[in-house]
Amino acid sequence: MKILVINAGSSSLKYQFINIDTKEVLAKGLCERIGIEGSKISQKAPGKEEYVCVSEMKDHGDAIKMVIDALTSDKYGVISKMDEIDAVGHRVVHGGEAFNESVVITKEVKKAIEDCCELAPLHNPANLIGIEACEKIMPNTPQVAVFDTAFHQTMPKEAYLYALPYEMYEKHKIRRYGFHGTSHKYVTQQAEKLMGKDISDLKIITLHLGNGSSITAVDGGKSIDTSMGFTPLAGVAMGTRCGDIDPAIVTFLMEKEGWDTEKVNAVMNKDSGVYGLSGLSSDFRDLANAKEEGNERASLALDKFIYTVRQFVGAYSVAMGGVDGLVFTAGIGENDAMVREEVCKNLEYLGVELDKELNNTARGKGECFINKEGSKVKVMVIPTNEELMIALDTAKLV
Ligand code: AMP
């Protein structure tokens, strides 16, 4: 079975065409600047020349047409006709409380996704446009929605409710939703295989550390708490997002700086995190280089990031009454040995014993253990693969 995975953003559309039987990526590509001058599609397929085409894409419908043309092209493509696409899996950022798993898209499902637009105003409308564009061009191909929030719907009430007046939850659906669910779910499934144990017996902390970072407590295969909240702004200090701060700072800043809601939102989302603290970069490679050269604020930014990550490791070990495995994933988690070492430092009391040699040589090895032999807690690096997870869920449903 072959699945087309679509991740539609406001002006971009990423896609992968995956053979689910071999887990092979047959082609992957990106449409950029949709609706903006200079739209462009690029596609890579193993054994084929890279395809790049600058061509007007007025909307996501045009983009999907370009994707199909690229996939079916004699020279660059990998299929001869469209009906070789058995199903389409769509990444949808917010499923609110309506979805605790992936679903085949129907009229009702689209309405529910639309209802969640105010919870994810930058993402859900784009995801819906992507879905509708595919429906138009492939009316007989089943479409599936895979939600970033679904995996976290198993959190207990005390974990997902904020201590605000209860009516705010009833009226505005204000609660913790959590994000990166597809990634946390994927690495959990892979950790189960790697550890060779039944997931129902395992307490795992999954650390998705990338430009956006989130940490999840997975007890018996279920998310019981996660660091992102009502929005992806909460939790650890991130590339440019502030993570958890005292909520009173928001109104204080609005008063003192004369900022409106848009400005204060922009500062917390785009000018904060390790970028804001260092004044230098949101990229951990830049920060590590600057620290090496004696830049104190780069060093402070890295320390703050690591400190906030460790806080969640501690909190979730307590929430689960112990921990059997730590899983590092995403850009930083998969590549940055220094961050992994610092996060695991002095955690012997929890049963975490990192093997420095294995940690330093983990890059490029794929899924691997980086703990010392005999370490009570297994420490793993597991490259995330959200597209494959979306394809697997899609195949299962259709
Ligand atoms: P992601 O959002 O998962 O794509 O992660 C992107 C982030 O991963 C970048 O901003 C970098 O901070 C970090 N990253 C990527 N490669 C490396 C590397 N080799 N060493 C350290 N950090 C890295």
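Each ligand, and each atom within it, is numbered from 1 in the order the structure gives.
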To which residues is I36 joined in a hydrophobic cluster, defined by side-chain heavy-atom contacts under 4.5 Å among Ile, Leu, Val, Met, Phe, Trp and Tyr, whether direct or through other members?
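Its cluster mates, by chain and number: none.
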
Return each pair, listed once, that meets ring pair (Phe, Tyr, Trp, His ring centres under 6.0 Å) where at least one residue sits in residues 111-130; pairs must be two or more places apart or across chains.
none

Heavy-atom count around K304 NZ within 6.0 Å, excluding the residue itself: above 12?
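12 or below, so no.
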
If you count the non-hydrogen atoms of other residues, nucleotides and ligands that lie under 6.0 Å from CZ in F99, is the total more than 12?
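Yes.
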
Distances under 3.5 Å, N/O of ligand 1 against N/O of the protein: list each pair and its distance.
unit_1   : atom_1 : unit_2 : atom_2 : d
ligand 1 : 2 (O)  : N211   : N      : 2.9
ligand 1 : 3 (O)  : G331   : N      : 2.9
ligand 1 : 5 (O)  : N211   : N      : 3.4
ligand 1 : 8 (O)  : I332   : N      : 3.4
ligand 1 : 12 (O) : F284   : N      : 2.8
ligand 1 : 16 (N) : R285   : NH1    : 3.4

NZ/NE/NH1/NH2 to OD/OE distance under 4.0 Å, K345 and E342:
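Yes, charged N to carboxylate O under 4.0 Å.
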
Holding to side chain to side chain donor-acceptor pair (under 3.5 Å), I want the full list of residues that pass it with R363, two or more places apart in sequence or in another chain.
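If we apply the side chain to side chain donor-acceptor pair (under 3.5 Å) test to R363, skipping adjacent residues, the hits are N335.
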
